[in-house]
Amino acid sequence: MPIILKDGSVYEVSSGTTWADVAAGLSRKLGKEAVAAKVDGELVDLLAPVRPEAKVEFLTFADEEGQTVYRHTSSHILAQAVKRLFPEAKLAIGPAIADGFYYDFDVDHPFTPEDLAAIEEEMKKIIKADYPLIRKEVSHEEAIALFQEMGEDYKVELIRDLPDDAQVSIYQQGEFVDLCLGPHLPSTGRVGVVKLLSVAGAYWRGSEQNKMLQRIYGTSFPKKKNLDEYLALLEEAKRRDHRKLGKELDLFGIAEEGPGFPFFYPKGMIIRTELENYWRAEHRKHGYLEIKSPVILSRELWERSGHWDHYKENMYFLKIDEQDYAVKPMNCPGAMIYYKTRTHSYREFPLRIAELGLVHRHERSGVLHGLMRVRCFTQDDAHIFMLPEQITDEIMGVMDLIDNFYNTFGFSYRVELSTKPEKAMGSDEIWETATNALIEALQIKGIPYQLNEGDGAFYGPKIDFHLKDSLGRSWQCGTIQLDFVNPENFDLTYISDDGTKKRPVMIHRVVFGSIERFLGILTEHYGGAFPLWLAPVQVKVITVASRHVDYAASVAQQLELEGIRVEIDDRNERVGYKIREGELEKVPYLLVLGDQEVESGMVRVRKRGAGDQGSASLAEFVANLKEEIEQKK
RNA sequence: GCUGAUGUAGCUCAGCGGUAGAGCAGCUCACUCGUAAUGAGCAGGUCGUCGGUUCGAAUCCGACCAUCAGCUCCA
């Protein structure tokens, strides 16, 4: 019978062969590396019999879907190992995730690191035994009976949620049987190396109402080399952890006295201020006006904005002279008040009102994480008021602005568009107009995006920007959100060209998202080695011996006059010692000044991470610095 | 908030029933030195907080606080 390969060619096979046979027939390498078949667009086990005239493509670990299959089988091996060592453990679910897999178990005994090691050993035995993974289809009824008999209550619950007439697929490997949609690797021996990484609590079905289970995380790769690379990446991430670097480089920190309320130390403040300066300069250039609204505002305002009803759990309240007040969790109501201080004409539009607004939100104690998740942070907010027909152009403008910012830091990014959710305010027409405006902007700019149907805010559709840092991790930062609710709630109007009062369209947008989080991301992205324009200390002047102190001081002073952030290290220490310290502090340039320099009136330049760069005149050095600062490289 | 782990000097960590230790950093002194750690000395802690067990608690138990890995929730 004929089947059609990926390249369109026709391949003859006899009936009764499996996809695995086909793969092996095509090439020895493919036979070994194929993890699943994609038949007419559907993922299928390699052990499944071939379907005539089907179009087939073989997936390997190199394909994202192939990786998922690979890790999914790995999670079954984990479950099998756990059942061998802890027969009383009940199985919940065990999917593949981005860099590995997990499996949830209900056991009273808390898994220890020693348990993990033992489980990992057992997994290796299962891989070595090379059990085939056999798929069976059983009726709904049979499946329930089977898993009930095994005491797998969670599996029974899962099956009960499937329609009564559904066929249920189960997979068997050795003595182990699991409910599973598949597909799977043909046998456990196809998994190369496995590594269990951690154990943590996780709620059954992700709901706090349910029992907490124990989740074991792990990963697997075809070769040990791949695993080692992955583990090295995890190590690198640990080295770059902004909490660690923040402490080491004396940038910021969080005191026990204020969980979730970060302190910025002098060096961190410099970076922060540079970011804000850059932000202000760019926004001024793009026609934004800046305001600052107060941190505390009355209850009445928050009731009108809807926050009192919908956001209460996340807000801090206080009483002033018997009146209720709240600390702002968002900046929009402040912007609304500003808008309403006078009447507006359509001629002013788009009216771009920016605010670096400090907001406070109550976050549950367990979610706090350095600067990434805090209880007070500064949003680089802006609210733009405009005519409906200005939406597309304005969105494009904001997208350009965001693109510009992210490029400056060397971030690539991807974009997601979220549309109308179930419970939403505003008419279908306005949603459609607004969503189309967003799509149009994305299309004109030629930016590919992922569509999240129904994921928009209740007040409007949005575009989110997820940037990718130097370690390939993704962070949600920028967002552009259309808002139909606030203009309504606050009865915003403008005088239209026909002299009548009309309702403006409004967008919220942030570029950094939160300055605190962005600084955390930058710290990890650069591994603490900030580019010159951001570096807290740009140049450190090092003396060779005490007789060079005067010259060093005059060099430092001249640099300071040029607006360079300079420190001088004239301690009676060895040059090597002071250089080591400067490198560890990640200062971009060190100037080593000794007899030669005093005589020639030059400076000896050492570049961070690159070593001695030779001599230069101070003027030349300064010109280079200024150029590098200007270019923000 | 939930599950598990952790909390000892400014930092990194050892000690785990008999009155607290190291390295680095700091300070003092000597060395005046050319591209990633000179040597010697000094000082520094109510061992997260509160309570309990014990003749005796950093060590065992409990509560609380904070941190970490996740879950849930989010910029």
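Only a predicted model underlies this, so the values are computations on that prediction, with no experimental measurement involved. Convention: sequence-line order gives letters A, B, ...; per-chain numbering from 1.
- Taking atom C1' in both B:C13 and B:G17, one finds a spacing of 22 Å when rounded to whole Å.
- Close to B:C68, at under 4.0 Å from its OP1 or OP2, lies a side-chain N or O of A:Arg243.
- With both pairing distances under 3.5 Å, B:C16 is matched to nothing as a Watson-Crick or G-U wobble pair.
- Ring pair A:Tyr459/A:His310: centre-to-centre distance not below 6.0 Å.
- Taking atom C1' on both B:U67 and B:C27, the two are 31 Å apart, rounded to the nearest angstrom.
- Listed nucleotides: B:C71, B:U72, B:C65. Nearest to the side chain of A:Ala202: B:C71.
- OP1 or OP2 of B:G26 has at least one side-chain nitrogen or oxygen of A:Arg571 nearer than 4.0 Å.
- With distances taken from any side-chain atom of A:Ala200 to the nucleotides B:U67, B:A36, B:G70, the minimum falls on B:G70.
- For A:Asp612, whose side chain is taken as the heavy atoms from C-beta onward, the closest listed nucleotide among B:U38, B:U35, B:C2 is B:U35.
- Taking every side-chain heavy atom of A:Arg361 into account, B:C74 is the closest of B:G34, B:C31, B:C74.
- Contact annotation: A:Lys247 side-chain N/O to B:U12 OP1/OP2 distance is under 4.0 Å.
- Rounded to an integer number of Å, the gap from CZ of A:Arg574 to P of B:A37 is 11 Å.
- With distances taken from any side-chain atom of A:Val374 to the nucleotides B:U32, B:C73, B:A75, the minimum falls on B:A75.
- Between A:Arg547 and B:C33 there is a side-chain N or O to OP1 or OP2 distance below 4.0 Å.
- Checking B:G34, B:A75, B:C65 against every side-chain atom of A:Glu256, the shortest atom distance belongs to B:C65.
- Within the shown strands, nothing qualifies as a pairing partner of B:U46 under the Watson-Crick or G-U definition with both distances less than 3.5 Å.
- For B:U35, its base sits under 3.5 Å from the side chain of A:Arg604 at one donor and acceptor pair at least.
- At a cut-off of 3.5 angstrom, counting only N and O atoms as typed in the model, there is no donor on one side facing an acceptor on the other between the side-chain of A:Arg364 and the base of B:C2.
- In this structure, A:Ile216 and A:Gln214 have side chains that are not in contact, with every pair of non-hydrogen atoms separated by 4.5 Å or more.
- Nearest nucleotide to the side chain of A:Tyr217, out of B:C71, B:A36, B:U3: B:C71.
- Using N1 to N3 plus N6-O4 or O6-N4 for Watson-Crick, or N1-O2 and O6-N3 for G-U wobble, each under 3.5 Å, B:C60 pairs with B:G52.
- For the pair A:Asp99 and A:Arg71, the salt-bridge criterion is not met [side-chain N within less than 4.0 Å of a carboxylate O].
- Residue A:Arg580 places its side chain closer to B:A37 than to any other of B:C73, B:A37, B:G34.
- Under the Watson-Crick or G-U wobble criterion, with both distances below 3.5 Å, B:C11 is paired with B:G23.
- Checked by atom type, the side-chain pair A:Lys607/A:Tyr589 shows a donor-acceptor distance below 3.5 Å.
- No hydrogens or angles considered: a donor-acceptor pair under 3.5 Å links the side chains of A:Asn407 and A:Asp403.
- Taking only distance into account, the side chain of A:Glu257 never meets the base of B:A66 through a donor-acceptor pair shorter than 3.5 Å.
- Remark: the A:Tyr203 side chain and the B:G1 base include a donor-acceptor N/O pair separated by less than 3.5 Å.
- Nearest-nucleotide positions on RNA chain B for A:Arg215 and A:Ile254 put A:Ile254 closer to the 5' end.
- Rounded to whole Å, the P atom of B:C24 lies 35 Å from the corresponding atom of B:C61.
- Under 4.0 angstrom from either OP1 or OP2 of B:G1 there lies no side-chain N or O belonging to A:His362.
- Rounded to whole Å, atom P of B:C71 lies 18 Å from atom CG of A:Asp106.
- Remark: B:C68 base-pairs with B:G4; criterion is Watson-Crick or G-U wobble with both hydrogen-bond distances under 3.5 Å.
- Rounded to whole Å, the P atom of B:A30 lies 42 Å from the corresponding atom of B:G7.
- B:C74 sits 43 Å from B:G15 when the P atoms are compared, rounded to a whole Å.
- Checking B:G70, B:U72, B:U67 against the side-chain heavy atoms of A:Pro259 singles out B:U67 as nearest.
- Heavy atoms only, all atoms of each residue included: A:Tyr526 and A:Arg240 are closest at C-NH1, 4.1 Å.
- B:C31 and B:A20: their P atoms are spaced 38 Å apart (whole Å).
- With hydrogens and angles ignored, a donor-acceptor pair under 3.5 angstrom links the side chain of A:Glu597 to the base of B:G34.
- Evaluation of A:Tyr577 against the base of B:A36 yields no stacking contact (centre distance < 5.5 Å, interplanar angle < 30° required).
- With B:U35, B:A75, B:C31 as the candidates, the nucleotide lying closest to the side chain of A:Glu363 is B:A75.
- Looking at A:Arg606, its side chain comes within 3.5 Å of the base of B:A36 through a donor and an acceptor atom.
- For the pair A:Arg361 and A:Tyr316, the cation-pi test (distance below 6.0 Å, angle within 45°) is failed.
- Taking the nucleotide of RNA chain B with the nearest heavy atom to each of A:Ser198 and A:Tyr311, the more 5' of the two is matched to A:Ser198.
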